[in-house]
K.L.:
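The structure's right below; bear with me while I get my questions together.
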Amino acid sequence: MASSAGRNMGLVVGLLIIIAIGVITAGDRFATFDNMMTILRYASIIGVVSIGMTFVIAGGGIDLSVGAIVALASVWATTVATQTMAADSHWIVMVFAALAVGAGCGLVNGVLVAYGRMAPFIVTLAMLAAARGLAEIISQRRTQIVDVRDFLSFFGGSVLGVPVLVIIFALVAAAGWVLLNRTTFGRRTLAVGGNSEAARLAGIKVQRHTMMLFVLLGVACGIAAVMLMVRTTTGTSTHGLLLELDAIAAVVIGGTLLSGGRGTIVGTVFGVLIFATLTNIFTLNNLDTSTQNVAKGAIIVAAVLLQQRVAARNGGT
Amino acid sequence: MASSAGRNMGLVVGLLIIIAIGVITAGDRFATFDNMMTILRYASIIGVVSIGMTFVIAGGGIDLSVGAIVALASVWATTVATQTMAADSHWIVMVFAALAVGAGCGLVNGVLVAYGRMAPFIVTLAMLAAARGLAEIISQRRTQIVDVRDFLSFFGGSVLGVPVLVIIFALVAAAGWVLLNRTTFGRRTLAVGGNSEAARLAGIKVQRHTMMLFVLLGVACGIAAVMLMVRTTTGTSTHGLLLELDAIAAVVIGGTLLSGGRGTIVGTVFGVLIFATLTNIFTLNNLDTSTQNVAKGAIIVAAVLLQQRVAARNGGT
Amino acid sequence: GCTSNEPESTDDGDENTAEESGDDGAASGGNANDETGETVTIGFSGPEADHGWLAAINSSALAEADKYDDVELRAAEGTNDASLQIQQVETFINEGVDAIVLLPTDGAALTDIATRAMDAGIPVVNVDREFSSPFAARTTILGDNYGMGVSAGTYACQLIEENNIDDPVIAEIAGIDALPLTQDRSQGFADALDACGEDVDNRVAAEFTVQSGEAVTSNLLQAAPEIDIIWNHDDDQGVGVKAAFDNAGRDEFFFIGGAGSSNAMEWIQQGEMEATVLYPPTQAADGIRLARLLAQGKGMSDLVQVEVPRRIVLNAPVVTADNVDEYMHLGFDS
Amino acid sequence: MRGIVKEFPGVRALDGVDLDVVAGEVHCLLGQNGAGKSTLIKVLAGAHQPDEGEVSWLGEETRISDPMSAMRLGIATIYQELDLVDGLTVAENIYLGHEMATTGFLHRAQAARSTRALMERLGHPEISPHTEVGRLSAAGKQIVSMARALSHDVRLIVMDEPSAVLDQEEVARLFKVIRDLVSDGVAVVYISHRLEEIREIGDRVTVLKDGRTVATGLPARGTPTAEVIRLMTGRSIEYVFPERSFRPTAGEPALEVRELSRAGEFSDVSFEVAPGEIVGFAGLVGSSRSEILETIYGARKATSGSVLVHGRELRPGSVGSAVAAGVGLCPEERKSQGLLMTESIIRNVSLASLSRFARGSFINHGAERAAAVEQVKGLDIRPHDPSREVRTLSGGNQQKVVLGRWLLKGCDVLLLDEPTRGVDVGARSELYALIRELADNGVAIVLVSSEVPEVLGLADRVLVIREGRVVHTGPAADIDEHQVLDLVMEGSVT
Ligand SMILES: Nc1ncnc2c1ncn2[C@@H]1O[C@H](COP(=O)(O)OP(=O)(O)OP(=O)(O)O)[C@@H](O)[C@H]1O
Ligand SMILES: Nc1ncnc2c1ncn2[C@@H]1O[C@H](COP(=O)(O)OP(=O)(O)OP(=O)(O)O)[C@@H](O)[C@H]1O
Ligand SMILES: [Mg+2]
Ligand SMILES: [Mg+2]
């Protein structure tokens, strides 16, 4: 416990530094409630995927296909057929479609990794290509507009000023935290990621568990797809481009070990917030994309180094 | 030895199947000398990077920044200043510039991974952003045209009908093979990737070695940048987009373990050829990109599964 | 210098203008040139159709080729990798196609291979992104990126004047920043604004995708609490841009788009968008037509010239509520 | 070595240790688990840097800054945790770091030749230089490690528990090699928990306790075992096996193995274990005892035959089905098969019985911790802090953690593969008592050990395995060490 707080200290410091930069460079526009919500709304979609990604990475895997899965789920959930059905019955049909597609893709990934014994990197690289291709075929590369008003108004609203999307992110993060830290599932995830042979000999069904991790992430992608559909009012095959890199970066900056065996949801949330805040500050300061990229590279390195140093001082070893 | 041949059997079979598909679907146009050279010329650039990537992956690392490094090297080697110098003295200046930039970026990656103890994934992700941003800044997002005729005519030619680019690839592959299989450097690479603690206890300077691996890959990126400059007669910040995924996929399909400790240059060459041939067949058959993507995903999975099965049958375990 | 248009061959021009078949609808202006001639193979290669405009480029090219019985199309579709596109063009050369229509991922990067195709006797039609050498293409048909920026900027100046806006806040949402075409558009926009003494206050760059459009715009709206004019380079990402406006409940500004998708045209009709600057994706279809004419040795029927001209630059008109009906049919699905 | 101090965060592993080794002697280093033996020799090998203290070599003070400089001085080390690279071949491992090469280019044929010579010298000509090390058994790896050390031009060779995975015959070979070395004037530092070995091979003894030298330069043969044990543990321990108490009763066996076979490894293994019975496997290293255990457990899939627990057949190749039926396995290689190295003791101990601490899959951390604390106390795992990362424990304590996992689980059938590997004398007799107690409580136990006395002393019934076949089955009381060795070697009693 103590060492986990220690591990997150670096992130807290990092985020505070970034916020300080924001206040200094764009004070009045940065430190407003609206802007905070803008940052959070932006963070929420990457955030949900990153929470799922934390499980897969902590369990010793990796998933490059999340962006493509989000795209495919968003397209599938906004086809004319789905939307007609949703309009006729209830918008939940669209949500269900997105979640089912996400879970399905995750299942394929999981089965190939766990039972096909293929490297997750390769399996999900293949899925990245295939899911995006499929999304293009289904949508015929058109941007599909969401017409179901109930759907948009339900998810697009706010509760006490907090956008529903942000609330979803918070709920997913909380559920993720409980799942990872308080349940046997979470504990087994860390065991599988830490030493899968030892986990297997301790009676854990390693293959099934690995598969479940990918399904879990697939479902998270489905949720993210719904959120993206709300935010952009569209479903298209270009949704979620390079989302995988953002998500993995957030997870790893947060302190989850890429080699598996250690994961932190709080860290991931911080990682996501750091990136989202940074992007916001870049825009507020009118920075051009090239400079943004250079700064982003430098900041990733600085953040990880900072976090390591602080963790080493606080947490031992 | 026997088992390594066995391991490559799957790849040989895979490539043969793909060639058969090519002959069947586009026979007269596929099976010509010109078309073979077209495939090889295309393969050569990814190939050179993949050879370097084989070392980094076999040594337990990964590098997502190769495409960005290629872009930066190509931009730097084609600035007005460099080209003027090259025109005044010798085109070797441009080659030197590209190699130096590649090696420099590799060095930064290597130092951060080895001495900063950061995860290669994250370091090179940061480099990906930074190098591409820098390339954009230097080129001011303009495509820089190569004017040095000597440079183009030297590298653009052929020897006995074989393009110089293809010869470069062959030389790099041969050198890589010797380095990996016949030198202490290669043995130590596998040791560092397989069990870095054991390597350290055996007296290997693991950090220095890891750093060198990234420098080596950086140099390979420099060579690839030169080749790309020849092929496109330009240097631009958009060169090498997503090259990292192609290279990693080729290396892993070839049979190099993503977790390190095992690497095969012959496998990597096969991996590169499989992808290049596939792309060529797609072109010959007028396949649209979406279908290509779906097919590509399926073929990656099939190739790896096939290779695993054949390897299991031939090599034991 | 256009040395190929020899004046004495004008006689042959007569047959080109002789008849009108007229069955292709108003836009295509069918004529004797549409009559089936010797069968020609045309190679077509464009960038990856990763968003609506490029998808429309591809589909309009394919559809155009479909209309002609005498055209056999080799479509090596889509890539953003210059090296891969070079491979595709090499394949066309190996095959010995009769003409190549090329929308390069990067004009300069494809110049060398296009020159080689020309040297091999295959006429190349360069579409949209221009080669760096005049010898690389027989004909160049360009959308005008710089002109697009100029049109947008000029229209913005006009709005400022008409509405008497003092010290206007002008925002620009660019497309993929690393592409030369984005630079050209921004340059044109800046130059035109400069002409009326204005400049861009806030500039962000998206990636031609809906999601990126929404993401950068929602941040942009925070950066500038009051905006007078927004020019968005691309109507594909415009869907996301628009969603961000709606999410934030902001509509105090004039919203100008780019490219001219059907969505944008509908918004203009509904008064949700001020205008969009046309950048028609039909240029690839025109490219196919020209390639066919070149391969069959014909000229353009509406010109007196015997041969296809060297260079055609499309106009970048501004579509507003006043003239949107006129342009509606050009709108593409984004 | 004088006044060596080495601190890890939270532990002072070495607190002023002295060690003198002279050429041509076998110097034994003794101490309980966690006393600091491995840490000390890692300092000597350059793998750790001491915080204080000095090292003199041939009379001159030196600084051993990394493993390379130790090797240059002529110090070679066989580490406790077999640190070989699985993906490389035997020859490549042996010459790793000091490859036979000119200007970086390998002489592979020469390396293979020298490897063969080394293997010959170690009595293992059957291990080919081209075999991948990952395919060798633990003992095979230990032999490669030894060959590795011998491949250096050494003046001092340090061996950290080399005999832990070896059987008697292997140990005899090892001793012969050591004697040869010593007669060439090489000094040997030898660490072992088997005190009878010390008597056999050692010249002088240094005893460590809690990171301090408590005795140095004791004559190995002249010091009574009881005295050594007292120095190590601070108390005297009866080093005997507990009374056998098993009375066969009619009724169902707890574990029944019927004609179990696995192609290329073993065939037609059949035996039964009654509740409360301990069945011991004796056999040479490489006789596939581990494979048999793992196959019973479902970690490997049998080619034919079946396993029944309380009369119910287990699903072949399914660990889950074995665990559900109440079977537990302490695997042979704790590091790769047993432990989550970066996790706490608590989480390692509770791993197999997680659901017990969970209500509807939510873990009760308090109960989990309490149970782990109980095991830490019961097994005397040091340090007593249960939230410590297992990585930082000494080898013997790590072994206890694995055991603790199954003790906590409370199995009906327990498969123990070399359970005392690397465990010190004090803990060892406690473990013996514990195993006995488990059996008395009705647990059926299968015990694999390379120490024949251990098998004979603990087990009720003994199976002698030779090359994957059971060559003898009978009560432990009816057979003695010699007979077992004959069976193991020849397949019949001569
Ligand atoms: N890397 C480390 N970090 C923290 N503590 C460590 C580390 N390595 C060893 N220790 C601690 O140092 C002490 C000495 O350990 P060491 O491995 O030297 O014992 P040992 O005498 O070899 O025991 P054994 O007989 O069980 O192998 C132990 O308390 C151990 O927990
Ligand atoms: N003397 C040896 N040295 C090294 N490897 C060996 C030796 N003998 C056999 N092997 C390899 O080990 C395999 C069997 O080892 P295994 O670990 O099952 O034996 P074991 O009886 O369990 O030994 P241990 O007592 O060390 O656990 C054999 O198939 C062979 O490949
Ligand atoms: Mg030890
Ligand atoms: Mg064994």
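No experiment lies behind these values; they were computed from the predicted model shown. Letters A, B, ... are given to chains in the order of the sequence lines, protein chains preceding strands, and every chain is numbered from 1.
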K.L.:
Hey, are B:R188 and D:E99 close enough for a salt bridge, meaning a charged N less than 4.0 Å from a carboxylate O?
P.N.:
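Looking at D:E99 together with B:R188, the answer is yes, because their closest N to O distance falls below 4.0 Å.
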K.L.:
Below 4.5 Å, heavy-atom pairs only: which of B:A199, B:A202, B:G193, B:S196 has the largest tally toward chain D?
P.N.:
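Looking at each option in turn, the highest pair count goes to B:A202.
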K.L.:
Less than 4.5 Å to any heavy atom of chain B: does that hold for the side chain of D:D86, its backbone, both, or neither?
P.N.:
neither
K.L.:
For B:L201, is it the side chain, the backbone, both, or neither that has a heavy atom closer than 4.5 Å to a heavy atom of chain D?
P.N.:
both
K.L.:
Top residue by heavy-atom pair count (under 4.5 Å) with chain D, among B:G194, B:A191, B:G186?
P.N.:
B:A191
K.L.:
D:H48 vs D:F8 aromatic rings, parallel, tilted or perpendicular, using cut-offs 30° and 60°?
P.N.:
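The arrangement is perpendicular - the two ring planes meet at more than 60°.
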K.L.:
Less than 4.0 Å between a side-chain N and a carboxylate O, is that true for D:E294 and D:R262?
P.N.:
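Result for this pair is no, no salt bridge flagged.
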K.L.:
Is D:L88 close to chain B through its backbone or its side chain, or both, or neither, when contacts mean heavy atoms under 4.5 Å?
P.N.:
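Just its side chain gets close to chain B.
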K.L.:
Pairs under 3.5 angstrom only: tabulate donor-acceptor contacts from the side chains of residues 107-119 of chain B to other protein residues two or more places apart or in another chain.
P.N.:
| unit_1 | atom_1 | unit_2 | atom_2 | d |
| --- | --- | --- | --- | --- |
| B:N109 | ND2 | B:S65 | OG | 3.1 |

K.L.:
Identify each donor-acceptor pair in which a side-chain atom of residues 166-181 of chain B lies under 3.5 Å from a protein atom, sequence neighbours left out, and give them as a table.
P.N.:
| unit_1 | atom_1 | unit_2 | atom_2 | d |
| --- | --- | --- | --- | --- |
| B:N181 | ND2 | B:W177 | O | 3.1 |

